[in-house]
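Chain letters run A, B, ... following the sequence lines, proteins first, then strands; residues in each count from 1.
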Amino acid sequence: MTKSVNLSVDIGGLKINNPITTASGTYGFGREYENYMDISKLGAIMVKGLTLRPRKGNKTPRVVETASGMLNSVGLENPGVEYFVENELPYLKKKGVTVIANISGNSIEEYCEMSRILDKTSCDAIEMNISCPNVKQGGVAFGTDKDVVLKITKKVRKYLTKPLIVKLSPNVTDIKEIAVSAEKGGADGISLINTLLGMAVDIKTRRPILRNNVGGLSGPAVKPVAIRMVWQVKSAVNIPIIGMGGISSVEDIIEFLLVGASAVSIGTANFINPKISLELLEELEKYLIENDIRDVNELVGQIKIY
Amino acid sequence: MFMEDCMVKSNERIVDGIYKMELINEKITNQSKAGQFLQIKVNKFDTPLLRRPISINEIKIDESTLVIYYKVVGKGTKIMADIKTGEVINVIGPLGTGFDIDMKNKNIAVVGGGIGIAPLIELCKSLYKDNNVFTYLGFYDIPYLVEEFKKYGNEIEISTVTGAAGKKGFVTGGLEKALLDNKIDIIYACGPNAMLKELKDIAGSLNIKCQLSLEERMACGIGACLGCSIETTDGEMKKVCYDGPVFWSNEVMLND
């Protein structure tokens with residue numbers, strides 16, 4: 001008799017078949033990976049970050065490898081929310097993909113307008129990226145001020161009947177207070193971590209390698225920071241968490257579940273092995289069977305702290 | 001494109017810092033075209049993390065073999081240089097769109113600089129039977145691959161920065177006159193950015209069609225990370241890995 005395990009999870013009303021999702025900015029609009037895997041088998045796809053208007057992004061070089069990681073300064077290149085709704089979303093839904101639309105804005109109004117547009121579509125949930133600079137407040141990222149996080153989450157919430165996931169920036173002093181603000185503001189779930197701000201220098205030219213000077217660090221190098229932050233956030237809020245940051249093995253996934261993530265996102269690892277997300281799904285199922293765990297939810301938050 | 005384990009048939013130093021590797025894989029070889037590239041995982045570990053994009057030098061269908069030439073520039077390529085015959089490495093490919101080689105009875109200039117000459121062998125192989133191929137190669141010091149190029153072209157001109165062989169200076173020096181003398185209809189080029197910029201200008205001023213194979217830092221190579229996006233002259237964004245690496249010279253803007 002083959003044992004069956006439950007892999008389905010509920011992220012604040014968003015029910016997904018398994019806890020493996022792909023992180024925004026690392027998975028395009030899904031199509032890019034179809035040569036390598038069946039994208040409909042994923043729990044969900046967080047699509048490339050959308051803005052209200054199309055954006056060209058930053059100049060190259062936009063990426064550079066660092067020790068067990070990489071920096072990127074793509075600068076949110078995307079075709080805009082309307083193009084996505086008309087040209088990418090229908091395709092993904094036809095394929096049976098659970099789609100989480102990731103949104104970025106330069107003002108609270110832009111976030112609200114995108115939410116209003118997306119709420120009328122067939123996308124399954126919204127992931128709000130609050131790591132973007134707030135133009136009206138001198139370019140300081142929305143996600144670094146707990147009062148701003150509360151305010152933006154409350155306002156965006158009003159435009160949404162779909163689940164709202166707030167994606168936190170790790171570039172803060174106290175991740176817990178930010179998470180609490182998102183929960184108070186009405187978020188149905190929290191995803192973290194976004195990239196850590198970093199920099200790399202070419203010592204020959206004495207110039208930064210990235211044309212944007214600084215960029216976001218991702219990959220295995222950031223995993224301990226992500227694990228710590230998921231653990232801290234889990235202790236502070238009651239809404240589900242999607243954990244991400246440097247996942248490249250099933251052991252990494254288990255770590256995230258143990259510290260409190262209900263689901264995970266695969267990010268940078270997609271760049272190295274374009275079918276890793278499905279390989280990890282199979283390995284996760286195998287792990288559960290071998291360890292006699294009938295439901296993946298049983299692992300969530302089961303860390304035994306000293 | 002496929003993600004496949006490939007057996008390393010050979011891996012040898014050609015001149016200082018330049019290596020040649022032969023990879024056996026039927027699926028990838030059968031689909032490859034001139035100007036496409038491979039994303040190579042140099043080992044099975046997290047360090048280095050990303051794959052290394054390397055252009056295809058030659059496609060040997062009969063032997064299910066792809067030849068690549070690479071320059072040791074950092075940690076990844078240093079590890080590549082130590083790979084032994086018989087080892088297996090993971091490769092994604094063929095990637096990118098490659099050169100437009102649908103040409104007949106044309107006078108063609110093939111211009112290469114440094115390690116950028118590598119993909120031009122397969123290009124010349126695809127063109128030389130139906131066209132006149134004039135090859136212009138620039139090296140820093142000691143030339144390599146020259147005998148191969150001689151097999152697939154009418155004339156070949158070498159320049160070196162140090163003056164070690166051929167004409168002293170850059171490959172673009174005196175190129176305009178050569179292009180006019182040989183009544184060139186189309187230029188194909190791959191090399192350092194400064195060379196490509198100059199060629200773009202030369203092609204524009206002489207009104208000769210020109211295909212440039214570009215290089216950008218990239219993470220995925222499959223069009224997902226948007227690390228290698230460049231702006232076209234009509235304001236669109238294109239991915240060097242997916243829409244390129246080959247572009248018409250009047251289609252793209254080149255960074256300084």
Side-chain angles (χ1 to χ4, degrees), chain A residues 22-37 47-49 54-79 200 209-211 215 218-221 223 246 248-249 252 267-276 279, chain B residues 1-5 27-28 31 39-53 73-77 90-95 193 214-232 234-244 252-256:
Chain A
T22 51
S24 178
T26 68
Y27 212 71
F29 292 115
R31 295 185 201 234
E32 293 83 351
Y33 286 85
E34 282 196 294
N35 276 308
Y36 306 95
M37 59 175 273
V47 296
K48 173 70 194 161
R55 270 178 67 100
K56 289 178 181 174
N58 295 323
K59 283 196 169 158
T60 58
R62 291 174 169 189
V63 289
V64 57
E65 179 161 342
T66 56
S68 294
M70 60 174 281
L71 291 167
N72 91 81
S73 58
V74 169
L76 287 172
E77 178 189 336
N78 81 96
I209 296 177
L210 297 177
R211 181 67 189 247
S218 65
K223 200 193 81 183
S248 63
S249 69
D252 294 341
T268 302
N270 293 311
F271 296 156
I272 298 124
N273 174 1
K275 57 181 179 190
I276 193 168
E279 290 176 2
Chain B
M1 62 291 283
F2 307 99
M3 179 164 69
E4 292 278 309
D5 283 336
K27 273 192 196 170
I28 300 178
Q31 257 197 21
Q39 274 280 57
I40 295 178
K41 186 79 181 89
V42 301
N43 61 22
K44 290 179 172 150
F45 310 112
D46 273 357
T47 312
L49 184 67
L50 302 172
R51 290 171 182 268
R52 293 298 185 266
V73 290
K75 282 178 199 155
T77 40
N90 192 267
V91 175
I92 298 179
L95 295 167
N193 201 41
L214 308 187
E215 186 172 48
E216 277 293 347
R217 283 178 185 267
M218 56 181 72
C220 70
I222 62 169
C225 74
L226 306 186
C228 64
S229 290
I230 54 162
E231 191 170 359
T232 63
D234 49 16
E236 260 186 274
M237 298 307 290
K238 298 255 187 190
K239 301 162 190 171
V240 168
C241 72
Y242 186 85
D243 303 304
V252 288
M253 308 211 274
L254 300 177
N255 278 351
D256 290 324

More than 12 foreign heavy atoms under 6.0 Å from CD of A/Glu65: is that the case here?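 For A/Glu65, atom CD is crowded (more than 12 foreign heavy atoms under 6.0 Å).
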
To the nearest 0.5 Å, tell me how far [X] [atom1] sits from [Y] [atom2].
X	Y	atom1	atom2	answer
A/Glu32	B/Cys220	CD	SG	8.0 Å
B/Glu231	A/Thr60	CD	OG1	11.0 Å
A/Asn273	B/Met3	CG	CE	4.0 Å
A/Thr268	B/Leu50	OG1	CG	8.0 Å
A/Arg62	B/Met218	CZ	CE	12.0 Å

Between A/Pro274 and B/Ile222, what is the shortest heavy-atom contact and its length?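 Shortest heavy-atom contact: CB-CD1, 3.9 Å.
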
Specify the closest pair of heavy atoms between B/Leu49 and A/Pro220, including all atoms of both residues, with the distance to one decimal. CD1-CD, 3.7 Å

Determine the sole option in A/Asn72, A/Leu210, A/Ile209 for which the side chain to side chain contact (heavy atoms under 4.5 Å, CB included) test with B/Arg217 is passed. A/Ile209

Looking at chain A, which one of B/Asp46, B/Leu226, B/Asn90, B/Thr47 has the largest number of heavy-atom pairs inside 4.5 Å, strictly under? B/Leu226

Can you tell whether the side chains of A/Glu77 and B/Lys239 come within less than 4.0 Å, N to carboxylate O? no

Please look at A/Ser248 and chain B and tell me whether the side chain, the backbone, both or neither of the residue comes under 4.5 angstrom of a heavy atom of that chain. side chain

Region of A/Ser68 in contact with chain B, defined by heavy-atom distances below 4.5 Å: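 For A/Ser68, backbone and side chain are both near chain B.
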
What option among A/Phe29, A/Tyr36, A/Tyr33 has the most heavy-atom pairs under 4.5 Å with chain B?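 Of A/Phe29, A/Tyr36, A/Tyr33, A/Tyr36 has the most heavy-atom pairs under 4.5 Å with chain B.
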
